[in-house]
Amino acid sequence: MKNRRASLLARQWQRGGWLSTALRPLSALTAWAVARKRERYTSGAKVAYRAPVPVVVIGNIFVGGTGKTPMVIATVENLRARGYTPGVVSRGYGVKVGPHPRVGLGDLEAARFGDEPALIARATGAPVSIHPRRALAAQALLRAHPRVDVIVSDDGLQHLALARDIEIVVQDQRGVGNRRLLPAGPLREPASRLADVDAVVTNIGTPEQSLTVSDTLAAHSRHEGGLPRVSDTASPPPRQVQMWLEPGLARHIGGRDTQPLSAFAGQPRIAAAAGIGNPERFFTTLRAAGITLSATLPLPDHHDYATSPFQALDADVILVTAKDAIKCGALNDPRLWEVPVQAAFSDPALFDWLADALRARKARPGSGQNGSAKNQGHNPTA
């Protein structure tokens, strides 16, 4: 019954319907709260914390997963290749952090840092700091790792207490759904917000899928209920980029064995499981690699794996995402293989643009300590 209700709501969030229409009065309250929060920062009634280094926020307006984590990993790796020393801040979803941020490096425990921060730390080697108040996380990161010269925020587009220099939105082929705010629709902010960010990256899943996105930025800009701009100067239209995920070598969980994903093609008893925002995207990636899946197990995003959900799966091999694998080691299931993915982009100059934009914001006179015009502020206790 619970799954049927969730499925009904997901369908109506995409196409509309009676339930979505009935919830529209609550969406009006969401719109009021979002607009009021933003107005308090743009008017100066509340002051965002301005870090002494540039900040890149990677987030979304569609609730749930759209592919932010691969984008964060790619951003960290590409900024490092261009001479930066990046660090990452994150909320640490599902973790009780307490009053003080946690800062870590290397192989971190998902139970203490959250699955996505632990995966980012393992994949990139960059220092990671978590706290629901990202301003505190940023300060702790810079104290522990003073060589960090750019902060990448994993999510946090709506966390206006942390000023930012660059905003990148990651969406997928669901676009903006039925264009309504929560709970009548899937949006955290009005669709017009997409016209205000620096780049919109659309996760198309695999390169074989259509590059056509259901909603254009022109349509977003016509959406009613727009928000005050976070920039005090005119900005060019957002850069539009397509992203897809390319699988790497599969790794046996609990062992050292690796093999190409093609090694599983043609095998009859291969299952897949995913506890991410859009599990079907992972299954599509596997099928595109030539794997016939005998069973699929979609799990809730950030599934905790306190007990094994795999006992009923009749399979010789179970393929899981890297985000799931980081929590599955204790299950001691010899059938489990991790399938890491790497983001690829339609725009080969994307990260050159990002590095140049960060240098330009830093050099801009009269715009705060690091030159950004977005969310000006300096209050270290925001």
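By convention here, the first residue in the shown sequence is residue 1.
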For residues 323-331, tabulate all N or O donor-acceptor pairs below 3.5 Å that involve a side-chain atom, not counting sequence neighbours.
from, atom 1, to, atom 2, distance (Å)
Lys323, NZ, Glu116, OE2, 2.8
Lys323, NZ, Asp301, OD1, 2.6
Asp324, OD1, Gly275, N, 3.0
Asp324, OD1, Tyr305, OH, 2.7
Asp324, OD2, Gly275, N, 3.0
Asp324, OD2, Thr321, OG1, 2.5
Lys327, NZ, Asp115, OD2, 2.7
Lys327, NZ, His303, O, 2.5

Nonpolar side-chain network containing Leu286, other nodes, edges under 4.5 Å: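 Grouped by the 4.5 Å side-chain rule, Leu261, Phe264, Ile270, Ile276, Phe282, Phe283, Ile291, Leu293, Val317, Leu319, Trp337, Val339 form the rest of the cluster around Leu286.
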Apply ring pair (Phe, Tyr, Trp, His ring centres under 6.0 Å) to Tyr84 and list each qualifying residue two or more places apart in sequence or on a separate chain.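 For Tyr84, no residue satisfies ring pair (Phe, Tyr, Trp, His ring centres under 6.0 Å) once neighbours in sequence are set aside.
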Tell me, which pairs form a ring-ring contact (aromatic ring centres under 6.0 Å, His included) where one or both residues lie in [range], sequence neighbours left out?
range	answer
residues 160-203	none
residues 163-197	none
residues 107-155	none

Expected list for residues 250-258: side-chain donor-acceptor pairs under 3.5 angstrom, two or more places apart:
from, atom 1, to, atom 2, distance (Å)
Arg251, NE, Glu338, OE1, 2.9
Arg251, NH2, Glu338, OE1, 2.6
His252, NE2, Pro334, O, 2.8

Can you list everything that forms a salt bridge (Lys or Arg N to Asp or Glu O under 4.0 Å) with Arg91? Sequence neighbours excluded, please.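 So Arg91 forms no salt bridge (Lys or Arg N to Asp or Glu O under 4.0 Å) with any residue.
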Hey, mind stepping through Ile58 and Val152 against side chain to side chain contact (heavy atoms under 4.5 Å, CB included) and telling me if it holds? CA-CA 7 Å; Ile58 298 174; Val152 179; 3.9 Å; yes
Assess whether a salt bridge exists between [X] and [Y], defined as any Lys/Arg side-chain N lying under 4.0 Å from an Asp/Glu carboxylate O.
X	Y	value
Glu280	Arg287	yes
Asp198	Arg361	yes
Asp356	Arg82	no

Identify all side-chain donor-acceptor contacts of residues 63-75 below 3.5 Å with residues at least two apart in sequence or on another chain.
from, atom 1, to, atom 2, distance (Å)
Thr66, OG1, Asn60, ND2, 3.3
Thr66, OG1, Val170, O, 2.8
Thr75, OG1, Met71, O, 2.8

Can you pull out every salt bridge (charged side-chain N to carboxylate O under 4.0 Å, His left out) where at least one residue sits in residues 304-317? Sequence neighbours excluded, please.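 Salt bridge (charged side-chain N to carboxylate O under 4.0 Å, His left out) check on residues 304-317 returns Arg269-Asp314, Arg269-Asp316.
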From Asp196 CG over to Glu167 CD, what is the distance, rounded to the nearest 0.5 angstrom?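 Asp196 CG to Glu167 CD: 6.0 Å, rounded to 0.5 Å.
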Shared hydrophobic cluster for Leu29 and Leu9 (ILVMFWY, side-chain gaps under 4.5 Å):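 Same cluster: Leu29 reaches Leu9 through Ile, Leu, Val, Met, Phe, Trp or Tyr contacts under 4.5 Å.
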Starting from Val56, can I reach Ile130 by hopping between I/L/V/M/F/W/Y residues whose side chains sit under 4.5 Å apart?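 They do share one cluster, since a chain of ILVMFWY contacts under 4.5 Å joins Ile130 to Val56.
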Residues forming a side-chain contact (heavy atoms from CB on, under 4.5 Å) with Gln342, sequence neighbours excluded: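 With sequence neighbours excluded, Gln342 shows a side-chain contact (heavy atoms from CB on, under 4.5 Å) to no residue whatsoever.
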Which residues pass the side-chain contact (heavy atoms from CB on, under 4.5 Å) test with Arg36, sequence neighbours left out?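 Testing Arg36 for side-chain contact (heavy atoms from CB on, under 4.5 Å), a comparison that skips the adjacent residues, returns Trp32, Arg40.
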